[in-house]
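Quick notes on the structure that follows.
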Number of protein chains: 2
Amino acid sequence: MHQPDHLKTVGLKSTLPRLKVLSLFEASKQRHLSAEEVYKLLLASGDDVGLATIYRVLTQFEQAGLLMRHHFEGGKSVFELNQGEHHDHIVCMQCGHVEEFYDATIEARQKKAATDRGFTIHDHSLYIYADCNKPKCPNKIQS
Amino acid sequence: MHQPDHLKTVGLKSTLPRLKVLSLFEASKQRHLSAEEVYKLLLASGDDVGLATIYRVLTQFEQAGLLMRHHFEGGKSVFELNQGEHHDHIVCMQCGHVEEFYDATIEARQKKAATDRGFTIHDHSLYIYADCNKPKCPNKIQS
DNA sequence: CTCATTGCAAATCCTTTGCATAACC
DNA sequence: GGTTATGCAAAGGATTTGCAATGAG
């Protein structure tokens, strides 16, 4: 998916922390990860990185277009691989569970609602907040 | 709109800070206010309140259903009067400008997207992030 | 008078920054 | 070797909390 030196093509030196973070996103089962989660996962794999570096790398990746940042409700940013296909998010307010969806009708009306009012819509721009009602859910977000 | 002792009807003692905050929302031209903004506006009107109290009062009002809290992107919560009518929000990422809208088609498909996936949708649940393109805009959010 | 509420300061949480050291090319 | 990136610790902004003093009913 990403060549080993994909980082260079976006103008970033290919350093160990950056490679680690990128492959984590490519390998992780969980698509949306917070800085804290990335940090803990890397520590758990025996990699010695600083949390500040994670934040810096995530921001650089976002600016380079490799990742997308979402804020969601709850105060912390989460990141996901930017694989080009547009989709929106339903976020569970209870446990932080995220599901992605795409609805062409919503896309069209959303765009119209925005442009009618003079807004320029962003790519990943639409969020629905809800309760996921999963059996394991009513707990706190597992960070 | 709110009787002077409306607070009692929601189980809150009618104290000075609470009355001040409530009437600020009822009087303010700007519908969406952050805790900091409420604080500064009250100080400016010569009222002596603590910022911590503002945060407490806002949270109590939210729980009492008088206000709705939104997080939006950018790290700070904003509140608006809960006047019962459902609407969604378009938020400018450049200046924080918020416009409300309602689109029945989006409502329906949004609800379907959520329930199809087992989610229970929230009342004020949908956010669109965009750029407002207003002449005064490209600045920072005026807090 | 009694308990809820306030104000202040200190504490938290997430994120950013300064700076000396270490890693890239 | 000259930069750029890292790690640590300290700083930052938003929000919460502990606690003694104040206020409402």
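Here is how names work: the chains are called A, B, and so on, in the same order as the sequence lines, proteins then strands, and each is numbered from 1.
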Nearest-Å distance, CZ (B:R69) to P (D:dT15)?
8 Å
Selection from D:dG25, D:dT15, D:dA5 that lies nearest to any side-chain heavy atom of B:A35
D:dT15
So, is the end of the B:K111 side chain (NZ or CZ) under 6.0 Å from the ring centre of B:F119 and within 45° of the ring's axis?
no
Provide, to the nearest angstrom, the distance between the CD1 atom belonging to B:I54 and the C1' atom belonging to C:dC8.
14 Å
Assert yes or no for the condition that the ring centre distance of B:H71 to A:H71 is strictly below 6.0 Å.
no
Do B:L16 and B:L42 share a hydrophobic cluster (ILVMFWY, side-chain heavy atoms under 4.5 Å, transitive)?
no
How many Å lie between CD on B:E73 and C1' on C:dC14, as a whole number?
15 Å
If you look at every heavy atom in B:F61 and B:V21, which pair is closest and at what distance?
CE2-CG1, 4.0 Å
Round to a whole Å and report the spacing from CG of B:L58 to C1' of C:dT6.
15 Å
A:T53 or B:R56: which one's nearest nucleotide on DNA chain D is closer to the 5' end?
A:T53
Starting at atom CG of B:L12, determine the distance to atom P of C:dT5, rounded to an integer number of angstrom.
7 Å
Hey, is the side chain of A:T15 poking within less than 4.0 Å of OP1 or OP2 on D:dT6, counting only N and O atoms?
yes
Taking the six-membered ring for Trp and the full ring for Phe, Tyr or His, determine whether the centres of B:Y127 and A:Y129 are under 6.0 Å apart.
yes
Quick one: do the A:T53 and A:R18 side chains pair a donor with an acceptor below 3.5 Å?
no
Is the distance from OP1 or OP2 of D:dT15 to the nearest side-chain N or O of B:S77 less than 4.0 Å?
yes
Let me know the distance between OH of A:Y55 and P of C:dC14, rounded to the nearest Å.
7 Å
Quick one: which of D:dT16, C:dT16, D:dT6 gets closest to the side chain of B:T59?
D:dT16
Only one of B:L81, B:L12, B:V57 forms a side-chain contact (heavy atoms from CB on, under 4.5 Å) with B:L22, so which one is it?
B:L81
Near-strand residues of residues 43-52 of chain A, defined as heavy-atom separation under 4.0 angstrom from DNA chain D:
A:D48, A:V49, A:G50, A:A52
Using distance alone, with no hydrogens and no angle criterion, decide if A:Q30 and A:H97 have a side-chain donor and acceptor under 3.5 Å apart.
no
Counting N and O atoms only, with roles assigned by atom type, does the side chain of B:N133 sit under 3.5 Å from a partner on the main chain of A:G118, one being a donor and the other an acceptor?
yes
To the nearest 10 degrees, what angle separates the axes at the start and end of the helix from C:dC1-D:dG25 to C:dC25-D:dG1, five pairs each?
30°
Whole-Å distance between C:dT16 C1' and A:E36 CD?
15 Å
Just to confirm, is there a sub-4.0 Å distance from OP1 or OP2 of C:dC24 to any side-chain nitrogen or oxygen of A:K13?
no
What is the separation between atom CG on A:L19 and atom P on C:dC24, rounded to the nearest whole Å?
9 Å
